[in-house]
Structures are given as structure tokens and as C-alpha cells.
There are 2 protein chains.
Amino acid sequence: MRPTVHDIAAAAGVSLATVDRVLNQRPGVRHVTREKVETAIRDLGYIRDVAAANLAKGRTYPLVFILPASDNSFMHGLNAEIRQAVLRSPAERTDIRIIEVPAFDPAALVSVLEGLSREKPCGIAMVATDAPEVRAVVDRLVRERFPIVTLVSDLTGSLRHHYAGVDNIAAGRTAARLLGRFLGPRKGEIAVLAGSMLVRDHRERLEGFAAVMAEEFPDLAILPVLEGRDDPEVAHRLVADALGNAGIVGIYSLGAGNRGLIRALKEKAADRTLTVVAHELTAHTRAALIDNTIDAILNQDAGHEVRSAIRILKAKADGLAVIAAQERIRLDIFLKDNLP
Amino acid sequence: MRPTVHDIAAAAGVSLATVDRVLNQRPGVRHVTREKVETAIRDLGYIRDVAAANLAKGRTYPLVFILPASDNSFMHGLNAEIRQAVLRSPAERTDIRIIEVPAFDPAALVSVLEGLSREKPCGIAMVATDAPEVRAVVDRLVRERFPIVTLVSDLTGSLRHHYAGVDNIAAGRTAARLLGRFLGPRKGEIAVLAGSMLVRDHRERLEGFAAVMAEEFPDLAILPVLEGRDDPEVAHRLVADALGNAGIVGIYSLGAGNRGLIRALKEKAADRTLTVVAHELTAHTRAALIDNTIDAILNQDAGHEVRSAIRILKAKADGLAVIAAQERIRLDIFLKDNLP
DNA sequence: CTGTTAGCGCGTTCAC
DNA sequence: GTGAACGCGCTAACAG
């Protein structure tokens with residue numbers, strides 16, 4: 001049987017209450033007493049039973065998820081995954097609230113975050129907009145001991161505890177190698193469709209993509225980036241225009257709004273053999289992969305990201321460790337053969 | 001506050017003990033009383049607090065993992081992941097035992113399984129050897145209410161509750177498409193290195209591989225399979241011999257023993273541009289991917305498989321549901337750019 | 001500063 | 001058949 005609070009109380013010659021105070025770092029214990037208890041804990045190899053503690057406390061974990069109010073399949077999917085987590089709340093003792101903020105709007109994000117410091121959630125998960133003001137509030141909240149994880153898009157250089165998302169530079173590099181290898185000896189131009197160069201994850205994907213292209217596929221030239229604002233209509237127009245260029249042999253779509261891309265491809269390039277790599281598996285991209293309009297899809301598993309964020313925030317709230325390998329968000333590569 | 005046993009006892013006008021008898025399907029309750037309690041449970045939307053129940057019972061989950069005693073990196077890794085899980089046992093209330101059996105030996109596996117029915121573990125995870133005798137014992141154990149999941153290699157047609165592993169047909173198909181697309185317009189022959197055609201996962205990979213090759217890459221011909229018995233020495237010899245054939249343009253290694261493959265490639269094909277796809281990310285395959293000896297690695301995450309098996313066995317033991325998406329074992333595709 | 005005591009939600013003796 | 005009472009490991013009043 002593993003040791004309990006009773007055992008260490010007996011070993012240290014104190015009462016349960018004192019042991020509890022030491023365990024929970026509460027004040028009101030003399031230095032000597034505290035040390036006695038701490039040695040007893042170490043000697044007996046005591047491990048606290050978190051489940052029992054939570055039962056006694058009636059503890060729940062109030063968590064907040066902050067998402068951009070973007071109207072694209074990926075964000076809808078992310079939202080749905082969080083709502084799934086809400087359904088599991090009773091079993092997981094979580095109490096999850098979703099807050100939507102205007103996309104690409106640092107000021108809005110900042111004001112939401114500031115409001116949060118009053119209502120004391122025990123953890124915050126946020127899709128970060130990469131701006132100095134945001135970094136500043138996040139750092140302040142972390143100093144005030146709020147656990148914060150960034151979701152999908154990171155806030156580099158901030159004090160956030162963790163980033164639950166894929167390595168976007170690696171994603172861009174991978175896209176470049178797939179495109180380059182699939183094209184083989186063909187020479188030509190590559191169009192890149194992004195959402196906005198103001199978002200960190202898109203910038204990083206482009207950076208990785210351009211690096212590998214330059215290093216390893218000098219026969220392929222990258223055209224100026226098309227910014228589709230993650231909007232299917234805008235994307236459609238931009239891609240349809242670009243396809244007027246007969247030298248294009250491949251396309252890398254590193255953001256959302258792929259619905260527009262796919263429509264443009266079917267209208268303007270049905271007779272051409274373009275090689276296309278896109279991000280995010282949705283109903284649209286899946287269908288396009290199956291009918292050979294798209295050649296490969298890079299994906300991040302939104303469900304995994306949400307579950308991971310929750311596990312990490314809970315662990316942080318309890319001061320516990322996580323299984324690092326379990327929290328690594330993989331870059332999924334889908335060809336038409338390994339679709340889920 | 002969600003309802004507790006007290007609430008439903010009050011609602012049904014009975015005592016706690018009676019509620020408990022109903023909840024745990026124990027005898028000694030009149031039909032009418034049972035019904036009263038059951039309606040109260042449904043009306044109040046009662047959900048049992050598993051953590052509290054486990055606390056009261058002092059419950060632990062005795063689990064058994066049965067593995068082949070194979071001396072290759074993948075099995076070593078799988079073993080290590082289980083030992084990691086053993087370290088987490090106190091927190092997860094598990095009590096895990098690893099049993100090694102001779103590889104490819106149905107009789108040994110059967111006798112271990114039969115021994116298990118005496119010691120009553122609350123769940124069994126096993127790397128299955130695909131044989132009728134094994135299927136028979138597994139089915140018997142399942143009927144005796146032992147939760148059983150297959151790990152890495154499945155036992156199709158048996159009553160096992162779940163398979164924690166990748167879809168090997170999809171893996172083979174994916175390998176074929178990668179090889180075919182990477183080779184582009186090149187024509188030639190493809191060598192296939194397997195462990196043994198007696199193991200189900202290897203057969204399935206080959207099946208998927210051959211199917212896509214035939215359908216979509218008619219210019220590439222598959223040579224007769226080389227059976228390396230997952231042994232680096234044997235693999236080395238076979239591949240070195242095969243490379244005498246100048247028509248070979250690609251290699252698919254669908255089993256273990258890649259150390260030998262890699263050595264043969266460096267010795268005999270340093271000057272040739274072969275395209276190589278292999279399975280399982282290990283120290284050796286990782287290095288070979290980085291130095292361009294291998295072009296892509298297909299991988300299954302052993303840590304995920306082990307954690308998933310544990311979650312599923314625990315859930316089955318408690319009669320609870322799992323998050324299906326979380327338990328799907330992905331086929332990881334690694335290029336040199338997205339290595340973990 | 002420290003100890004006593006009464007729960008948290010559930011399972012399990014025992015009597016009745 | 002049914003119920004009262006106690007304990008699981010831990011926390012939180014409230015005394016002292």
C-alpha cells in the first residue's frame with residue numbers, strides 16, 4: 001500500500017492538518033515543523049492522490065478558450081472539438097468557456113485578456129495574434145500566475161507556458177519537399193496562397209517553404225505570395241487570376257479558404273497537371289484529394305490540440321508534470337491512401 | 001452540482017445501499033425497487049463519479065502486455081514505452097506486467113493466454129500472431145469477459161475488443177504512392193524487403209503496396225519479395241545481392257532490420273539515385289533519412305499505441321466509452337523536414 | 001502556530 | 001430485502 005497523509009503525519013509526529021498545510025504550501029507552519037514533514041514525505045516516498053484531493057475539494061477547472069471569429073472550416077472544426085470537450089466536462093471536472101474575438105485584431109484580444117484577470121479562470125488557451133500588445137498582456141497574466149497555452153498559432157518570445165500546435169517552419173519545409181519531389185525534373189513557377197502575412201503561423205510556413213525551395217529545388221521559382229485572407233471568395237479570385245500564367249506548375253496553399261482555391265482549380269486548370277499541396281483536412285480538401293485536384297494535405301489534428309491544451313492547463317494548475325511525447329502535435333501528412 | 005447517490009436515494013425513497021446494489025448490478029433487490037431506482041437515475045441524469053468509486057474500492061487495474069521476444073529496435077521501443085507506463089502506474093492506478101513470448105510461435109502465445117485466465121487481470125494487450133489457435137483462445141477469453149486489445153498486429157476475425165495499431169493496408173498504399181510520385185517519369189524495378197510473409201501486418205503492407213503500384217504506376221515493376229526475417233544480417237545480404245540488378249530504381253522496406261538495408265545501400269548504391277521508403281523511425285532510419293539514404297519513413301507511434309491500449313482496457317473494465325478519435329493510431333509520414 | 005472533526009461521492013460490511 | 005454506519009485519501013472549517 002502506498003503511504004497516505006496519515007502515515008506521514010505519524011512519521012513526522014504532527015497532525016493531518018499540518019501535513020495538509022505543508023503539502024499545499026499554505027502559511028501557518030513553523031520552519032522546523034515544515035522541514036520535519038518534508039523529510040517524512042521524502043523518506044516514505046509519498047505521492048499525493050490527486051483524485052482524492054479533487055474529490056475532497058470539489059475542485060473543478062474553469063478554463064477559457066479564446067478563438068478568432070473566422071468563418072472557415074478549420075476554425076469551425078476547432079470550435080466543435082472544444083464543444084466536445086465541454087460535453088466531457090463532468091467527467092474531467094472542467095468548466096470550459098469559449099470566447100470569440102474578431103480575427104487579426106490585437107486590441108480586441110488584449111481587452112478580452114484583461115477582462116479575464118478579474119474572473120480568475122484556472123487556465124487560458126488562446127489562438128494568438130502576434131503583436132507586441134498581446135505579448136505584453138500575456139506576460140503580465142503569466143506573472144500573475146495564470147497558466148496560459150497558445151493554440152494553433154504561437155506567441156514567440158512571450159512567457160506562455162506551452163504551445164499546442166504544429167511546428168510551422170517544419171510544415172513549410174515539408175510542403176516544399178513534397179512539391180519538389182512530386183514535380184521531379186519539371187521546371188517552372190510555384191504560386192503560394194496564404195491567409196495573411198500578419199499571422200505568425202503563415203509567415204513561418206512560408207519561411208520554411210522558401211528555404212527548402214531555394215536550397216534544394218532551384219529549378220522552381222516562387223511567385224509573389226497571394227494573400228487570400230482565409231476567405232474562399234478572395235482566394236478564388238486570386239488563384240483564378242494567377243492561373244493565367246502558363247508557367248505555373250505547382251501551388252502551395254498554406255492558409256485556409258481552400259474552398260475557393262479548389263473551385264478555381266476545377267474551373268481553370270482541369271486540363272493542366274498542376275501539383276498542389278494544401279493545409280488542413282476539411283470536407284472540401286478531402287474531396288479534392290480524392291479526386292486528384294490536390295496531391296497532399298498537411299494537417300494539424302484540432303482534437304488533439306484541444307485535448308492537449310486541456311491536459312496541460314490542468315497539470316499546470318496542479319503543478320504536475322505531463323507526458324511530453326503525448327503533447328507533441330504532429331504534422332499529419334495525408335495522401336489519398338491514408339485518410340482517416 | 002451534479003446529482004449523487006444521495007439524491008437518487010432520496011428521489012427513489014430508498015437507502016444508499018440499495019442504490020449501490022442497483023448501480024453495481026448486484027442481487028438482493030426486488031424488481032419494483034430496482035425499477036424505482038433506475039427511473040430516478042435516468043430522471044436526475046445521474047453520472048457515476050469513477051474517481052470516487054475507485055477511491056472507495058481502492059481499485060487498481062491489473063493489466064498484462066504480451067510481446068514477442070524480438071530483438072529489433074521497434075520492439076525495444078515498444079517495451080520501453082510500456083515501462084514508462086509502469087512508472088506512471090501509481091497515478092493511473094494500473095498494475096502492469098509484461099510477458100515476453102517467442103516470436104512467430106502460436107503455441108507459446110496460446111499457453112501464456114491460457115495461464116492468464118487463472119490470474120484474472122482486468123485487461124490484456126497483445127501483439128497477436130495470426131493463427132487459428134490464437135484466435136480460438138482469444139475468443140474464449142473474451143467470452144469469459146476479459147477485455148482484450150491487439151497491439152501493432154491485429155487478429156482479424158477474432159472477438160478482440162479493439163486493435164491499437166495502424167492500418168497496414170493503408171500504409172502499403174501510401175508507401176507505393178510516395179515511391180511512385182517521387183520516381184516520377186522514371187521506369188524500372190522496385191525491390192521489396194519484408195520480415196516474413198507469415199506475419200499479418202507485413203502481408204497487408206505488401207498487399208496495399210502492390211495494389212497501388214498496379215493501379216497507378218504501371219511503369220514500375222515489383223520484384224519478388226525478399227524475406228529478411230527482421231534480421232539486419234539477413235537483410236543486408238539479400239539487399240546487397242539484389243542491388244546487382246541495375247534496373248532497380250526503388251526499394252520498399254516494410255519490416256524491421258533496416259540496419260542491414262542501410263549498410264547495403266551505402267556499400268553498393270552510393271553512386272545510384274535509388275528512392276527508398278522504409279518503416280519505423282529508429283536511430284538508424286532517422287540517420288539514413290537525414291543523409292538522404294532513405295527518402296521517407298512510415299512510422300507508428302509506439303507510445304501512443306501503449307497509452308491507447310491502457311485507456312481502452314481501463315474503459316472496458318469500467319464499462320465506459322472512449323474518445324474514438326484519440327484512439328486512432330495514425331500512420332506517421334516522416335521526411336527529413338518534419339522529424340520529431 | 002497546531003490539532004480535531006466533519007465531510008467529498010462512493011462501496012461495503014453488518015445488523016434489522 | 002433493506003438500511004445505518006464506517007472507511008477510502010484528502011481538504012477545510014473551527015477550535016485551542
Side-chain angles (χ1 to χ4, degrees), chain A residues 1-38 40-41 44-61 89-93 95 122 314 317-320, chain B residues 1-38 40-41 44-61 89-93 95 122 314 317-320:
Chain A
M1 231 25 206
R2 60 188 238 215
T4 74
V5 274
H6 289 92
D7 300 323
I8 82 159
V14 297
S15 77
L16 290 178
T18 304
V19 174
D20 186 66
R21 288 186 190 103
V22 174
L23 282 174
N24 295 295
Q25 345 233 33
R26 267 184 299 241
V29 186
R30 258 190 315 173
H31 228 71
V32 261
T33 322
R34 184 176 295 275
E35 304 244 297
K36 268 197 302 188
V37 175
E38 274 164 355
I41 290 178
L44 300 191
Y46 169 79
I47 318 168
R48 174 217 223 91
D49 183 330
V50 190
N54 283 347
L55 172 60
K57 277 200 280 223
R59 193 204 208 311
T60 60
Y61 299 82
S89 277
E92 299 179 349
R93 309 190 90 94
D95 176 14
C122 84
K314 288 175 73 173
D318 292 333
L320 295 177
Chain B
M1 233 23 207
R2 62 188 236 216
T4 74
V5 274
H6 288 91
D7 302 320
I8 81 159
V14 297
S15 79
L16 292 176
T18 303
V19 173
D20 186 69
R21 289 187 191 102
V22 175
L23 280 174
N24 295 296
Q25 345 234 32
R26 265 184 301 240
V29 187
R30 261 188 314 175
H31 230 70
V32 261
T33 322
R34 184 177 294 275
E35 304 243 299
K36 269 197 301 188
V37 175
E38 274 164 354
I41 290 178
L44 300 191
Y46 169 79
I47 318 168
R48 175 216 222 91
D49 184 329
V50 190
N54 284 346
L55 173 60
K57 277 201 282 226
R59 195 213 209 303
T60 59
Y61 300 81
S89 276
E92 300 178 348
R93 308 189 89 94
D95 176 15
C122 83
K314 288 175 74 173
D318 292 334
L320 296 176

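None of these values were measured; they are calculated from a predicted model. In what follows, chains carry the letters A, B, and so on, assigned in the order in which the sequence lines appear, proteins first and then strands, with residues in each chain numbered from 1.
Residue-to-nucleotide proximity on DNA chain D shows that, of B:G58 and B:V29, the 5′-proximal contact is made by B:V29. Nearest-nucleotide mapping onto DNA chain C: of B:R21 and B:Y46, the residue sitting toward the 5' end is B:Y46.
Ionic pairing of B:R26 and B:D20 is present here: one or more N-O contacts between side-chain nitrogen and carboxylate oxygen are shorter than 4.0 angstrom. For the pair A:D318 and A:R59, the salt-bridge criterion is met [side-chain N within less than 4.0 Å of a carboxylate O].
Nearest to the side-chain atoms of A:L55 among the listed nucleotides C:dG9, D:dA12, C:dC10 stands C:dG9. Of the candidates D:dA12, C:dG9, D:dG9, the closest approach to any side-chain atom of A:A56 belongs to D:dG9. Closest approach to the A:A52 side chain among D:dT2, D:dT11, D:dG9 is made by D:dG9 (side chain taken as heavy atoms from C-beta onward). Taking every side-chain heavy atom of A:T18 into account, C:dG3 is the closest of D:dC10, C:dG3, C:dC10.
The CZ-C1' distance, from B:R93 to D:dG9, rounds to 9 Å in whole Å. When rounded to the nearest whole Å, the span between CG of B:D7 and P of C:dC8 equals 11 Å. The interatomic distance linking A:L16 (CG) with C:dA6 (C1') rounds to 12 Å, in whole Å. One atom, CG of B:N24, and another, C1' of C:dG9, lie 13 Å apart when rounded to the nearest Å. With rounding to whole Å, B:L23 atom CG is found 6 Å from C:dG11 atom P. Atom C1' of nucleotide D:dC8 and atom CG of B:D20 are separated by 14 Å, given to the nearest angstrom. The CG atom of B:L44 sits 15 Å away from the C1' atom of C:dG9 (whole-angstrom rounding). Taking atom CD1 on A:I8 and atom P on C:dG3, their separation rounds to 13 Å, with Å as the unit.
Across all strands, A:G28 comes closer than 4.0 Å to base atoms (heavy-atom distances). No contact: B:R59 has no heavy atom under 4.0 Å from any strand. Counting non-hydrogen atoms under 4.0 angstrom, A:A17 reaches a base of the nucleic acid. Residue B:N54 is out of contact with every strand shown, counting any heavy-atom pair closer than 4.0 Å. Residue contacts for B:V14: at a heavy-atom cut-off of 4.0 Å it reaches the sugar-phosphate backbone alone, with no base atom in range. Nucleic acid contact for A:D49: sugar-phosphate only, since backbone atoms but no base atoms lie under 4.0 Å from a heavy atom of the residue.
Contact between the side-chain N/O atoms of A:R48 and the OP1/OP2 oxygens of D:dT11 is found at a separation under 4.0 Å. An OP1 or OP2 oxygen of D:dG1 is reached within less than 4.0 angstrom by no side-chain nitrogen or oxygen of B:T33. Taking side-chain N and O atoms only, B:R26 has no distance below 4.0 Å to OP1 or OP2 of C:dG11. For B:S15 and D:dG3, the shortest distance from a side-chain N or O to OP1 or OP2 is below 4.0 Å.
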Worked check of side-chain contact (heavy atoms from CB on, under 4.5 Å) between B:V5 and B:L23: CA-CA 9 Å; B:V5 274; B:L23 280 174; 3.8 Å; yes
Given the rule in the side-chain contact (heavy atoms from CB on, under 4.5 Å) test, do B:R21 and B:R34 qualify, once you have shown the distances and angles that lead to the verdict? CA-CA 9 Å; B:R21 289 187 191 102; B:R34 184 177 294 275; 5.9 Å; no
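Taking both residues in full, the closest heavy atoms of A:R2 and A:D49 are given as NH2-CA, 3.7 Å, listed atom of the first, atom of the second, then distance. A pairwise comparison of heavy atoms in B:A52 and A:L55 identifies CB-CD2, 4.0 Å as the closest pair.
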